[in-house]
Amino acid sequence: MAGLCRWMVAAALMCAAPLPAQADSARMELGRRYTQWLYAGQTDTLWALFSPEMRRVVPSAEAMAGMRRQIDAQIGTETEVLSERVVEPSPGVTGYIRSARFSRVPMAIDITVVTDASGIIQGLGVRPQAAPPTLAPTQFLDYQTKTPLRLPFDGDWYVFWGGRTLEQNYHAAHADQRFAYDIIIRRDGSSHSGDGTALEQYYCWAQPILAPGAGTVVTALDTLPDQRPGMMDPANPPGNHVIVDHGNGEFSLLAHLRRGSVAVRPGQRVEQGQKLGECGNSGNTSEPHLHYHLQNAPVFGAGQGLPALFDGYVADGQPVERGEPVKGQTVRHGRP
């Protein structure tokens, strides 16, 4: 099966929690429709909906037709649907995953269709059914954060991913990001105004990002472009980012900052609450948001993630003296 077609499928889909039933029916139908077009050989129609990034991988409708023929030759036709689910690996991105049996192979196959809020295809994959994700091993479940930390922003923000289970936090499958957060601003159930095609429509865009604790800057990257919503830069996962050494084996990483906004430099001392930059959409991100995690190494991707316990914040209107925000909470620094 090494030659089986694998297109632009985000690995995070395997770790994403299913959407609530009331929220996923329309997205389920869209995924089914695109899958049926694939089965029926409507490759021109599918290719017309490919994002620019997808078109760099599959450069023409003719190439798409060739891939469709390859699928038919390798796995045959669908004989049984085993399961369907819809997940949201990041804000504004939907993954439809259909597990099925096919006539030419003995194992189950996953068909995955990744779309943005406009129905544009950001990923399409055909591969043997993946094993379910597991929590990354960690020795830090009982770790108590040494650095006094505050939430790295002012105002009300929404925890899109955060917590210690895979249902709450897909990062928990990765040792270096075991306790990470993805945080946005949400109003009336949406992260943006309008159709979400412009960065300026996102409520968290260009909002100040603050130092969660005092320390010395070890990394301050500011040169990467901000991606158009729905586009991603997997070659530079954190995008523009700042890493702060708190001086006690704890390092804060704040990622996806807006190009040109980083206000600190390596070697600079920063105080808690000092502005580091602004929320952006650089790196491997589908829409503007803040990625934050605490780790025990000064380099992104090295070391292990640490629990980040924040002091003095409000979660869903209730004061928290010290704690870890979790998925679905609206949080703010300070008192009610």
Side-chain angles (χ1 to χ4, degrees), residues 4-16 18-19 23-72 74-75 77-78 81 83-100 102 109-130 170 190-192 194-199 201-202 227-235 281 283-289:
L4 194 61
C5 294
R6 301 179 183 212
W7 300 315
M8 306 288 291
V9 178
L13 287 178
M14 299 301 111
C15 304
L19 290 171
D24 69 8
S25 58
R27 307 187 211 195
M28 181 79 74
E29 287 305 316
L30 183 66
R32 287 171 178 163
R33 184 186 317 144
Y34 289 174
T35 301
Q36 291 305 320
W37 288 352
L38 177 66
Y39 290 171
Q42 295 178 241
T43 49
D44 287 0
T45 306
L46 280 174
W47 191 84
L49 291 167
F50 277 10
S51 69
E53 186 173 11
M54 280 291 293
R55 291 188 182 191
R56 286 196 290 270
V57 178
V58 185
S60 66
E62 290 74 18
M64 179 65 198
M67 289 183 171
R68 172 63 188 84
R69 290 191 293 271
Q70 183 184 1
I71 291 171
D72 186 58
Q74 291 191 8
I75 65 175
T77 57
E78 184 181 271
V81 177
S83 66
E84 296 174 284
R85 60 191 175 105
V86 177
V87 298
E88 192 171 28
S90 60
V93 176
T94 298
Y96 167 77
I97 304 173
R98 179 189 187 103
S99 297
F102 287 77
I109 299 294
D110 281 345
I111 308 293
T112 305
V113 184
V114 185
T115 55
D116 64 16
S118 302
I120 297 300
I121 298 172
Q122 303 291 334
L124 186 61
V126 182
R127 61 182 178 184
Q129 191 173 66
Y170 82 88
S190 177
S191 61
H192 59 81
D195 59 7
T197 58
L199 292 170
Q201 293 175 320
Y202 289 81
Q227 306 295 313
R228 181 174 63 83
M231 298 294 291
M232 303 174 81
D233 181 8
N281 198 45
N284 200 36
T285 168
S286 58
E287 73 170 67
H289 74 280

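Numbers for residues simply follow the sequence, beginning at 1.
Remark: Ala40 pairs with Gln42 by the side-chain contact (heavy atoms from CB on, under 4.5 Å) rule, at least two apart or across chains. When the side-chain contact (heavy atoms from CB on, under 4.5 Å) test is applied to Ala48, no partner is found at least two apart in sequence or on another chain. Applying the side-chain hydrogen bond (donor to acceptor under 3.5 Å, both in side chains) rule to Thr115 yields no partners; only residues at least two apart in sequence or on another chain are considered. In this structure Ser83 satisfies the side-chain contact (heavy atoms from CB on, under 4.5 Å) test together with Ser99, sequence neighbours excluded. With sequence neighbours excluded, the residues satisfying salt bridge (Lys or Arg N to Asp or Glu O under 4.0 Å) with Arg32 are Glu29, Glu84. Listed by chain and residue number, Tyr39, Tyr96, Arg98, Ile111, Val113 satisfy the side-chain contact (heavy atoms from CB on, under 4.5 Å) test with Thr35 (two or more places apart in sequence, or in another chain).
To the nearest 0.5 angstrom, Met28 atom CE is 10.0 Å from Ile97 atom CD1. Residue Ile120 holds its CD1 atom at 11.5 Å from CE of Met54, rounded to the nearest 0.5 Å. Met64 contributes atom CE, which lies 11.0 Å from atom CZ of Arg69 (distance to the nearest 0.5 angstrom). In this structure, Thr112 OG1 and Arg85 CZ are separated by 8.0 Å, a value rounded to the nearest 0.5 Å. Summarising the geometry, atom NE2 belonging to His192 is positioned 11.5 Å from atom CG belonging to Leu199; distances are rounded to the nearest 0.5 Å. Distance check, rounded to the nearest 0.5 Å: CG of Leu38 to OG1 of Thr45 gives 11.5 Å.
Using a 4.5 Å cut-off on side-chain heavy atoms (C-beta onward), Tyr170 and Val87 make no contact. Side-chain contact between Pro52 and Arg228 is present, with heavy atoms from C-beta onward closer than 4.5 Å.
Between the Asn281 side chain and the Glu287 main chain, a donor and an acceptor come within less than 3.5 Å of each other. When atom types are taken as modelled, the side chain of Trp47 and the backbone of Val58 share a donor-acceptor pair closer than 3.5 angstrom.
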**Study point:** Verdict with reasoning, Trp37 to Leu49, per side chain to side chain contact (heavy atoms under 4.5 Å, CB included)
**Key:** CA-CA 12 Å; Trp37 288 352; Leu49 291 167; 3.7 Å; yes
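Considering all non-hydrogen atoms of both residues, Arg68 and Gly41 come closest at NE-N, 4.1 Å. Across all non-hydrogen atoms, the minimal contact from Ala100 to Glu78 is CB-OE1, 3.5 Å. Counting all heavy atoms, side chain and backbone alike, Pro288 lies closest to Tyr202 at CD-CG, 3.7 Å. Smallest separation of non-hydrogen atoms from Gly194 and Gln201: CA-NE2, 3.7 Å.
Between the side chains of Asp195 and Thr197, at least one donor-acceptor pair of N or O atoms lies under 3.5 Å. Side-chain contact of Arg27 with Thr94: a donor-acceptor pair under 3.5 Å is present, judged by distance alone.
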